[in-house]
> 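Sharing a structure, written as structure tokens. Questions coming.
Counting from 1, the numbers follow the sequence of the chain as shown.
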Amino acid sequence: MTAIEKKKFFACFRYVVYTMIFLLFYVLQNTPNLFSVYGVKPILLIPAAVVFAMYEGEFIGGIFGALAGMFCDMGGFFLFGFDAILTLVFSVVSGLLIIYLLRRNLWNAFLLVFFSMVVRCCLTYFFMYQIWNYDGASSIFWDNTIWIIIYSSVLTPIYFVLWKQVCGFFHRKME
């Protein structure tokens with residue numbers, strides 16, 4: 001194999017590994033009662049995609065963000081494509097902010113994940129409960145939606161360290 005062929009093979013292998021990691025997050029997210037605390041389960045894929053885009057940039061981050069959103073859509077009970085579009089936008093914005101405006105650090109990762117989760121969960125709450133004017137819809141927001149946002153955002157350091165190690169390994173190998 002020539003050096004160019006090795007580089008192409010390693011680039012393809014890198015994307016296969018990234019896909020497998022997102023698939024693992026999908027399985028973990030949709031396993032019943034895994035990571036459930038008092039009936040609240042975190043959303044693993046959206047924060048993982050946002051932090052991933054911080055390391056890989058807006059284009060690759062956007063592609064894998066859309067993939068993560070499609071995985072969320074397959075495991076959810078909402079309109080298919082909703083999470084895919086939102087996660088695509090969150091990932092592209094995250095990648096662009098890190099490239100042009102922010103530093104790649106844990107605090108910025110936490111803020112980007114928190115903002116993404118607030119927007120996603122509030123939109124989901126609005127379209128699933130509030131728009132239909134269900135009785136007790138506000139209790140669903142305060143007892144469930146807020147805790148999903150907090151629980152999903154608290155896991156940001158795990159994603160930050162994971163993607164730092166994995167993406168750093170592949171970037172060092174590609175040089």
> With a 4.5 Å cut-off on side-chain heavy-atom distances among I, L, V, M, F, W and Y, is there a chain of contacts connecting Leu97 to Leu106?
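Cluster IDs for Leu97 and Leu106 match.
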> Would you tabulate the side-chain donor-acceptor contacts of residues 149-158 under 3.5 Å, counting partners in other chains and residues two or more places apart, or write 'none'?
{"residue": "Tyr151", "atom": "OH", "partner": "Phe35", "partner atom": "O", "Å": "2.7"}
{"residue": "Ser152", "atom": "OG", "partner": "Ile43", "partner atom": "N", "Å": "2.8"}
{"residue": "Ser152", "atom": "OG", "partner": "Ile148", "partner atom": "O", "Å": "2.9"}
{"residue": "Ser153", "atom": "OG", "partner": "Ile149", "partner atom": "O", "Å": "2.8"}
{"residue": "Thr156", "atom": "OG1", "partner": "Ser153", "partner atom": "O", "Å": "2.6"}

> Phe25 and Tyr159: ring-ring contact (aromatic ring centres under 6.0 Å, His included), yes or no, with the steps?
CA-CA 11 Å; Phe25 281 135; Tyr159 306 122; 5.5 Å; yes
> Testing the basics here: between Thr19 and Phe64, what is the closest heavy-atom pair and its distance to 0.1 Å?
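Looking at all heavy atoms of both residues, the shortest contact is OG1-CE2, 3.3 Å.
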> Any chance you could measure Phe160, atom CZ, to Gln165, atom CD, to the nearest 0.5 Å?
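Reported value, rounded in 0.5 Å steps: 10.5 Å.
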> For residues 95-115, pull every pair meeting side-chain hydrogen bond (donor to acceptor under 3.5 Å, both in side chains), keeping only residues two or more places apart or in separate chains.
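Those involving residues 95-115 are Asn105-Asn108.
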> For residues 20-30, which residue pairs pass the side-chain hydrogen bond (donor to acceptor under 3.5 Å, both in side chains) check, not counting sequence neighbours?
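For residues 20-30, and leaving out neighbouring residues, there are no side-chain hydrogen bond (donor to acceptor under 3.5 Å, both in side chains) pairs at all.
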> Does CZ belonging to Phe82 count more than 12 external heavy atoms closer than 6.0 Å?
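Enclosed: over 12 neighbouring heavy atoms sit under 6.0 Å from CZ of Phe82.
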> Suppose the criterion is side-chain hydrogen bond (donor to acceptor under 3.5 Å, both in side chains): which pairs have a residue in residues 123-143, not counting sequence neighbours?
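Qualifying pairs, neighbours excluded: Tyr125-Gln130.
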> Show every salt bridge (charged side-chain N to carboxylate O under 4.0 Å, His left out) that has at least one partner inside residues 29-38, sequence neighbours left out.
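Salt bridge (charged side-chain N to carboxylate O under 4.0 Å, His left out) check on residues 29-38 returns no pairs.
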> Would you mind listing every salt bridge (charged side-chain N to carboxylate O under 4.0 Å, His left out) that reaches into residues 146-173, with sequence neighbours excluded?
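Sorted pair list comes back empty.
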> Spell out, yes or no, whether Ile63 and Phe71 are grouped together once hydrophobic residues are joined by side-chain heavy atoms under 4.5 Å, including indirect joins.
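Yes, one cluster joins them.
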> May I have the list of side-chain donor-acceptor pairs in residues 116-123 shorter than 3.5 Å, sequence neighbours left out?
{"residue": "Ser116", "atom": "OG", "partner": "Leu112", "partner atom": "O", "Å": "2.8"}
{"residue": "Arg120", "atom": "NE", "partner": "Asp83", "partner atom": "OD1", "Å": "2.9"}
{"residue": "Arg120", "atom": "NH2", "partner": "Asp83", "partner atom": "OD1", "Å": "3.4"}
{"residue": "Arg120", "atom": "NH2", "partner": "Asp83", "partner atom": "OD2", "Å": "3.0"}

> What pairs meet the salt bridge (charged side-chain N to carboxylate O under 4.0 Å, His left out) rule with one or both residues in residues 19-29, with sequence neighbours excluded?
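Those involving residues 19-29 do not exist here.
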> Please enumerate all residues that pass ring pair (Phe, Tyr, Trp, His ring centres under 6.0 Å) together with Phe169, with sequence neighbours excluded.
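With sequence neighbours excluded, Phe169 shows a ring pair (Phe, Tyr, Trp, His ring centres under 6.0 Å) to no residue whatsoever.
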> Are the aromatic ring centres of Phe170 and Phe10 under 6.0 angstrom apart?
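Yes, the ring centres sit under 6.0 Å apart.
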> Please answer: with hydrophobic residues joined when any side-chain heavy atoms are less than 4.5 Å apart, are Phe80 and Leu88 in the same cluster?
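No, it is not one cluster - the side chains of Phe80 and Leu88 are not joined through contacts under 4.5 Å.
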> Given the rule that I, L, V, M, F, W and Y join up when any side-chain heavy atoms are under 4.5 Å apart, are Phe90 and Leu96 in one cluster?
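Cluster IDs for Phe90 and Leu96 differ.
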> Measure across Gly69 and Thr87 and return the closest heavy-atom pair with its distance rounded to 0.1 Å.
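In terms of heavy atoms, the two residues are closest at CA-OG1, 3.8 Å.
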> Measure the CG-CZ distance between Leu67 and Phe22 for me, rounded to the nearest 0.5 Å.
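Going from CG on Leu67 over to CZ on Phe22, the span is 7.0 Å.
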> For residues 36-45, which residue pairs qualify under side-chain hydrogen bond (donor to acceptor under 3.5 Å, both in side chains), counting only residues two or more places apart or in two chains?
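As it turns out, there is no side-chain hydrogen bond (donor to acceptor under 3.5 Å, both in side chains) pair with a partner in residues 36-45 once direct neighbours are skipped.
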> Show me the pairs that pass salt bridge (charged side-chain N to carboxylate O under 4.0 Å, His left out) and involve residues 63-73, at least two apart or across chains.
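Listed once each, the pairs would be none.
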> Mind checking whether Leu34 and Leu45 sit in one hydrophobic cluster, side chains of I, L, V, M, F, W, Y counted as touching below 4.5 Å?
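Yes.
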> How far apart are the closest heavy atoms of Ile46 and Cys72, and which atoms are they?
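Minimum heavy-atom separation between Ile46 and Cys72: CG1-SG, 4.0 Å.
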> List the atom pairs, with distances to 0.1 Å, where a side-chain N or O of residues 48-58 and a protein N or O form a donor-acceptor pair under 3.5 Å, not counting sequence neighbours.
{"residue": "Glu56", "atom": "OE2", "partner": "Tyr18", "partner atom": "OH", "Å": "2.8"}
{"residue": "Glu56", "atom": "OE2", "partner": "His171", "partner atom": "NE2", "Å": "2.9"}

